[in-house]
Amino acid sequence: MNIDDNIKLAEDGHSTQCGHCGEPLGSAGEAPLARALVRERPSQAAGPGIHADPRHFTDRPIVLRQTLCPKCLALLMTEIVPQDEAGGRGWKLLG
């Protein structure tokens, strides 16, 4: 079952895997992206539409957080979030 274009539920129904190379990513019910790589950069690295300095709007550091497959490096998720918040906003599959 495809969760989105990049992540799918493995045949066992309990784990997630990369939709491009099949690399295991994590447990569907607990931490679906536990094995994924995470890269953080300044939020302005997201492109020309994100050019303002976040310090003008918030006291918290804001980052561009990208989650990648550990095998094929496919981009699985991109967020612009406060640096002190957990990635993925805590999503999990229920089943």
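The salt bridge (Lys or Arg N to Asp or Glu O under 4.0 Å) pairs that include a residue from residues 31-59 are Glu23-Arg35, Glu40-Arg65, Asp53-Arg55, where partners are two or more places apart or lie in different chains. For the salt bridge (Lys or Arg N to Asp or Glu O under 4.0 Å) condition, no pair includes a residue of residues 5-18, sequence neighbours left out.
Across all non-hydrogen atoms, the minimal contact from Ala74 to His20 is CB-CD2, 3.5 Å. Contact record, Ile50 with Ser43: CG2-O, 3.4 Å, taken as the closest heavy-atom pair. The shortest heavy-atom contact between Leu64 and Ala45 is CD2-C, 3.8 Å. Closest heavy-atom contact between Gln44 and Ala52: NE2-O, 3.3 Å. Between Ile62 and Pro82, the shortest heavy-atom distance links the atoms CD1-CA, 3.8 Å. Here the closest non-hydrogen pair linking Leu33 and Thr67 is CD1-CG2, 4.2 Å.
Between the side chain of Ser15 and the backbone N or O of Gly26 there is no donor-acceptor pair closer than 3.5 Å.
Once rounded to the nearest 0.5 Å, the distance linking SG of Cys18 with CD1 of Ile7 reads 8.5 Å. Within the model, atoms CG of Leu68 and CG of Leu25 stand 11.0 Å from one another, a figure rounded to the nearest 0.5 Å.
Counting heavy atoms from C-beta outward, Pro32 and Ser27 have side chains that stay 4.5 Å or more apart.
The side chain to side chain donor-acceptor pair (under 3.5 Å) check on Asp84 picks up Arg60, with sequence neighbours excluded. Taking Leu73 as the reference, Leu37 meet the side-chain contact (heavy atoms from CB on, under 4.5 Å) condition, with sequence neighbours excluded.
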